[in-house]
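Chain letters run A, B, ... following the sequence lines, proteins first and then strands; every chain starts at 1.
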Number of protein chains: 2
Amino acid sequence: MSQTVDRALSILPLLAEGPADLGQVADRLGVHKSTALRLLRTLHEHGMVYRQSDQRYRLGARLIALAQEAMENLDIREIAHPHLVRLNELCGHTVHLAVYEEAEVLYIDKVESRYPVRMYSRIGKPVAITVAAVAKLLLADLPEAELRALADKLDYPLYTARSTPNAPAFLKELERVREQGWATDLGGHEESINCVAAPIRGADGKVVAAMSVSAPNVVVTAEELLNLLPQVRRTADAISGEYSGRTPPKDPKDTV
Amino acid sequence: MSQTVDRALSILPLLAEGPADLGQVADRLGVHKSTALRLLRTLHEHGMVYRQSDQRYRLGARLIALAQEAMENLDIREIAHPHLVRLNELCGHTVHLAVYEEAEVLYIDKVESRYPVRMYSRIGKPVAITVAAVAKLLLADLPEAELRALADKLDYPLYTARSTPNAPAFLKELERVREQGWATDLGGHEESINCVAAPIRGADGKVVAAMSVSAPNVVVTAEELLNLLPQVRRTADAISGEYSGRTPPKDPKDTV
DNA sequence: AATGGTCGTTGCAGGCATTGCAACTCACCT
DNA sequence: AGGTGAGTTGCAATGCCTGCAACGACCATT
């Protein structure tokens, strides 16, 4: 709606790919160098971009700090965290918490597996929306019309042979997930990794978040992981209850 | 430099404090509601803000995702991480990695203590710049003039009785830190928490990051923590070496 | 040392995007 | 019903943004 702001904001994802100099930014925006310069300067004043010693620009510290605050403001995260930790202590595997927002599913919390560590925190990273167990739960709860529109717009990358191949298959899977009230991802994203997930609901019954337990099948088979389903569901239900105002932890907060 | 962009970006820190409705945003920006609306719409299109069900705005998912990418692009983080993990395995305490950028010091990585956990990841959060051990190391390496200007601008909050009280004391402490080549924070931020920190240097000798080990003194006394100093310095030096191109891990990257 | 090229920066004038106003809708409350 | 408050939209005026061109700094080449 606002051309100037639109252009300025377009710079950010561009810099997320890696540092770029003034000319590159101007080219990719399709504007004159001087225009790009002034936009970058404004972004710089707000700490959104940083100018490194070779004069190239990259994303700045304030952006990271803002995102941090944004996540801390999500009260579902705060409520859920101790439950996630407890579940991790019980089963030892990686536990994730995710939310849906405008065609994206985002991990907002994670408790690391107690088995040998790998990738560092991917908190904040958008998840593979067509295959992740948490994504299925979050999308399955969308209004029918919105869901159909979204399913059409999505890409269906074939990470593995078990990845969801296309929109009809996806919609069918979501149907199933909606009915059974939980979801799995059995090697749909990475061949050797399985997940079991359960939904977290608000007071009105709408799914506000989803949580999952993930483990490579060198540690536990898919069947063994499924044995954890009751525990995962209990944990999710406990979070739902607390989030909806039942069994208030310290101070009660009812009704949205 | 650009009024429109400036206003739009000013909305973000405002929303970081918590959700706000259109009127509140317009008031705090000092603009007409319609103006605020159009700015918010543009931010919304880019996913930087999200409109929750009660129509109020809060920070959006794309912002979080961008920040995530920004951190992954910091190659010092990638290089340092395994070293941090190794140090944590040796001593069991919380290990931090921090960088300086434009008057802010930011934690960009963290390995949790193996002792009972508390606060969840504060990665991305600006640190208490006047007392944190890592901040002392990062600031001590700034050019004299820049440092003096910065020291004047800073606030010196008295978190505890041992906090750095004012600019002269801070400059003196930095002097000491610069000479000894390492730093501590003994209860300057939280009464019961001590830290030991060491600098990580690039090929040109400039401090590019700093790392620290922190522990509450109910677990180890300050003296015991200081015994870890050689280990911390060795780790920092190892990271420095790898970052500068010496002992390349896989593929060598020399000079700057 | 001189020269040509590249890149970032700045002053300027013209034009268009942005702004604030006012009117409108919609929901909610009295 | 009437009234209040919030969000939204069309419109006209103006002030902000844009692109140009010239300048300066730096680097590489001759």
Side-chain angles (χ1 to χ4, degrees), chain A residues 1-15 17-60 101-102 143 145-146 203-204 206 254-256, chain B residues 1-15 17-60 101-102 143 145-146 203-204 206 254-256:
Chain A
M1 277 258 131
S2 165
Q3 187 185 82
T4 318
V5 178
D6 185 48
R7 284 173 171 171
L9 293 179
S10 302
I11 293 177
L12 299 178
L14 192 155
L15 291 184
E17 296 170 18
D21 63 28
L22 178 60
Q24 293 168 336
V25 172
D27 282 349
R28 296 209 32 192
L29 277 187
V31 299
H32 197 270
K33 274 187 309 177
S34 57
T35 304
L37 176 68
R38 286 180 278 243
L39 295 176
L40 281 164
R41 273 222 264 260
T42 311
L43 289 168
H44 181 98
E45 275 173 19
H46 286 260
M48 304 294 285
V49 306
Y50 174 68
R51 194 149 202 199
Q52 39 188 35
S53 45
D54 62 356
Q55 288 220 310
R56 291 191 304 166
Y57 295 90
R58 61 170 175 72
L59 296 178
E101 183 178 315
E102 317 242 353
E146 192 177 340
D204 55 358
K206 277 183 60 181
D254 331 84
T255 57
V256 183
Chain B
M1 277 259 129
S2 165
Q3 185 187 78
T4 317
V5 178
D6 185 48
R7 285 172 170 171
L9 293 179
S10 301
I11 294 177
L12 299 178
L14 193 155
L15 291 184
E17 297 169 18
D21 63 28
L22 179 61
Q24 293 168 336
V25 172
D27 282 350
R28 297 211 27 195
L29 277 188
V31 299
H32 196 269
K33 275 189 308 178
S34 56
T35 304
L37 176 67
R38 287 182 277 243
L39 295 175
L40 281 165
R41 273 223 264 260
T42 311
L43 289 169
H44 181 97
E45 274 173 20
H46 286 260
M48 304 295 284
V49 305
Y50 175 67
R51 195 150 201 199
Q52 38 188 34
S53 45
D54 62 356
Q55 288 219 309
R56 290 190 305 166
Y57 295 90
R58 60 170 176 73
L59 296 179
E101 185 177 313
E102 318 242 351
E146 191 177 340
D204 55 359
K206 277 182 62 179
D254 329 271
T255 58
V256 185

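- Contacts between residues 1-13 of chain A and DNA chain C, defined by a heavy-atom separation under 4.0 Å, are made by Met1(A), Ser2(A), Gln3(A), Thr4(A).
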Query raised in the report: Are Asp6(A) and His46(B) close enough, and set up right, to give a side-chain contact (heavy atoms from CB on, under 4.5 Å), and what steps lead you there?
Result: CA-CA 8 Å; Asp6(A) 185 48; His46(B) 286 260; 2.4 Å; yes
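- Between the side chain of Gln24(A) and the backbone N or O of Asp21(A) there is at least one donor-acceptor pair closer than 3.5 Å.
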Query raised in the report: Step by step, would you call Arg38(A) with Ser34(A) a side-chain hydrogen bond (donor to acceptor under 3.5 Å, both in side chains)?
Result: CA-CA 6 Å; Arg38(A) 286 180 278 243; Ser34(A) 57; 3.3 Å; yes
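- Remark: Glu146(A) pairs with no residue by the salt bridge (Lys or Arg N to Asp or Glu O under 4.0 Å) rule, at least two apart or across chains.
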**Report entry** nucleotides 21-30 of chain C: protein proximity per nucleotide (B base, S sugar-phosphate only, - neither; heavy atom, under 4.0 Å)
**Finding:** BB--------
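- Residues that satisfy the side chain to side chain donor-acceptor pair (under 3.5 Å) test with Arg41(B), not counting sequence neighbours, are absent from this structure.
- We find that CZ of Arg41(B) is positioned 7 Å from C1' of dT8(D), with the value rounded to whole Å.
- Atom CG of Leu37(A) is separated from atom P of dA22(D) by 19 Å (rounded to the nearest Å).
- For the pair Gln55(A) CD and dT6(C) P, the interatomic distance rounds to 17 Å; values are reported in whole Å.
- The interatomic distance linking His44(B) (NE2) with dG7(D) (C1') rounds to 15 Å, in whole Å.
- The pair Asp204(A)-Lys206(A) does not meet the salt-bridge criterion, since no charged nitrogen lies less than 4.0 angstrom from a carboxylate oxygen.
- The distance between atom CG of Leu22(A) and atom P of dG8(C), rounded to the nearest whole Å, is 5 Å.
- Residues passing the side chain to side chain contact (heavy atoms under 4.5 Å, CB included) test with Gln55(A), sequence neighbours excluded: Arg51(A).
- By the side chain to side chain contact (heavy atoms under 4.5 Å, CB included) test, Asp27(B) pairs with no residue at all, sequence neighbours left out.
- Residue Arg51(A) is in sugar-phosphate contact alone, with no base atom involved, counting any heavy-atom pair closer than 4.0 Å across all strands shown.
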